[in-house]
Amino acid sequence: MTIHVPNVNHRFDPLTINRLGLWLFLVSDASFFIALLSSRVFVSGTSTPDEINQVLGLSLTVLLLLSSLTAYRAEVAAENNDMSHMKNMLLATMGMGILFVFGVGYEWYEALQHFPPSTGFGTVLFTLTGVHVTHVATGILTLGFVYFRVRKIETIGDNLFAVEGAVKWWHFVDVAWVFIYPTLYLLK
Amino acid sequence: MHRTLQQSLKLGWVVIGLLAIMTVAEFIVAISFEDTVMLFTLLLIVGLAKAWLIIQYFMHFGQLWGHIADVWRGTLKDDPVADREED
């Protein structure tokens with residue numbers, strides 16, 4: 001008896017498979033963040049220490065939201081073959097991402113003095129921001145890789161999904177922060 | 001839906017504007033409400049609205065349904081040409 005396995009590559013547009021694969025990965029990663037976010041209530045309740053730096057939290061949020069706009073503009077520029085604008089927007093996104101990483105570093109410096117990892121809130125803060133900043137770092141690396149790949153070409157051609165995929169990953173990181181920010185800074 | 005370059009760029013500014021307004025609203029809610037359940041509920045609603053804006057307009061979630069439909073149809077339908085090539 002012969003088992004017949006259809007070859008999906010013949011049937012589907014590669015873009016369809018790429019996009020579905022990326023979304024599947026993003027959904028699975030989102031479930032990880034949901035588990036971490038819910039642990040905040042179990043580990044440290046709903047109270048937030050007064051010492052937490054609200055200005056820094058809000059600044060980090062604004063920075064990441066703005067970087068989502070530049071990432072979106074990079075994708076739009078790529079779709080319209082505006083290579084110069086796309087490269088500038090990729091660089092701006094990476095720049096804001098790097099600033100975000102430094103901001104989280106400063107948050108950790110302050111947190112170590114007021115709520116170290118041995119405390120309940122410290123555990124939650126370092127775990128959530130640690131996992132998230134790792135995602136931000138991989139986002140910066142991915143955007144950097146895409147920038148390196150497209151920096152000398154004049155038309156986007158087959159590289160459109162590379163830009164789209166990296167930008168989607170960046171937006172996902174932003175969506176994660178949309179929930180991390182109120183969970184860490186605003187609950188009481 | 002296909003948008004022109006100008007429409008897409010304008011959409012980006014509209015979305016970021018709404019996100020900024022919601023972030024301010026989130027902050028005001030946090031300093032205005034003392035009741036934990038109420039605060040949690042309102043923050044969750046604002047958070048979900050912000051996430052929806054990003055997912056829908058920046059991540060183009062809508063286009064996903066077309067791809068799912070393509071795969072659904074393609075998986076159910078026999079493709080004799082592709083199958084012959086495979087053999």
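Predicted model, so just to flag it, every value in this text is computed and none were measured. FYI, side chains are in, hydrogens and waters are out, and symmetry mates aren't considered; it's all heavy atoms of this structure. Throughout, a chain's letter reflects where its sequence line sits, starting with A, and its residues are numbered from 1.
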Picking from Val46(B), Leu48(B), Leu53(B), which has the most non-hydrogen pairs under 4.5 angstrom with chain A?
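The residue among Val46(B), Leu48(B), Leu53(B) with the greatest pair count is Leu48(B).
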Heavy-atom pairs under 4.5 Å with chain A are the metric here; pick the option from Phe40(B), Phe27(B), Phe61(B), Phe33(B) that has the most.
Phe61(B)
Please answer: with hydrophobic residues joined when any side-chain heavy atoms are less than 4.5 Å apart, are [X] and [Y] in the same cluster?
| X | Y | value |
| --- | --- | --- |
| Phe148(A) | Met89(A) | no |
| Leu128(A) | Val43(A) | yes |
| Trp13(B) | Ile54(B) | yes |
| Ile31(B) | Val24(B) | no |
| Phe161(A) | Val163(A) | yes |

Quick one: pull up NE2 in His67(B) and CD1 in Ile17(A) and give me the separation to the nearest 0.5 Å.
10.0 Å
Between Lys188(A) (side chain) and Ala30(B) (backbone), is there a donor-acceptor pair under 3.5 Å?
yes
Checking the side chain of Thr16(A) only, and the main-chain atoms of Asp70(B) only, is there a donor and an acceptor separated by less than 3.5 Å?
no
Side chain, backbone, both or neither: which part of Leu9(B) has a heavy atom under 4.5 Å from chain A?
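Both parts, backbone and side chain.
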Contacts with chain B made by [range] (heavy-atom distance under 4.5 Å), listed by residue number:
| range | answer |
| --- | --- |
| residues 96-120 of chain A | none |
| residues 164-186 of chain A | Glu164(A), Lys168(A), His171(A), Phe172(A), Asp174(A), Val175(A), Val178(A), Phe179(A), Tyr181(A), Pro182(A), Leu186(A) |
| residues 44-78 of chain A | Thr46(A), Gln54(A), Leu58(A), Thr61(A), Leu65(A), Leu66(A), Ser68(A), Leu69(A), Tyr72(A), Arg73(A), Glu75(A), Val76(A) |

Residues in ring-ring contact (aromatic ring centres under 6.0 Å, His included) contact with Trp52(B), at least two apart in sequence or another chain:
Tyr57(B)
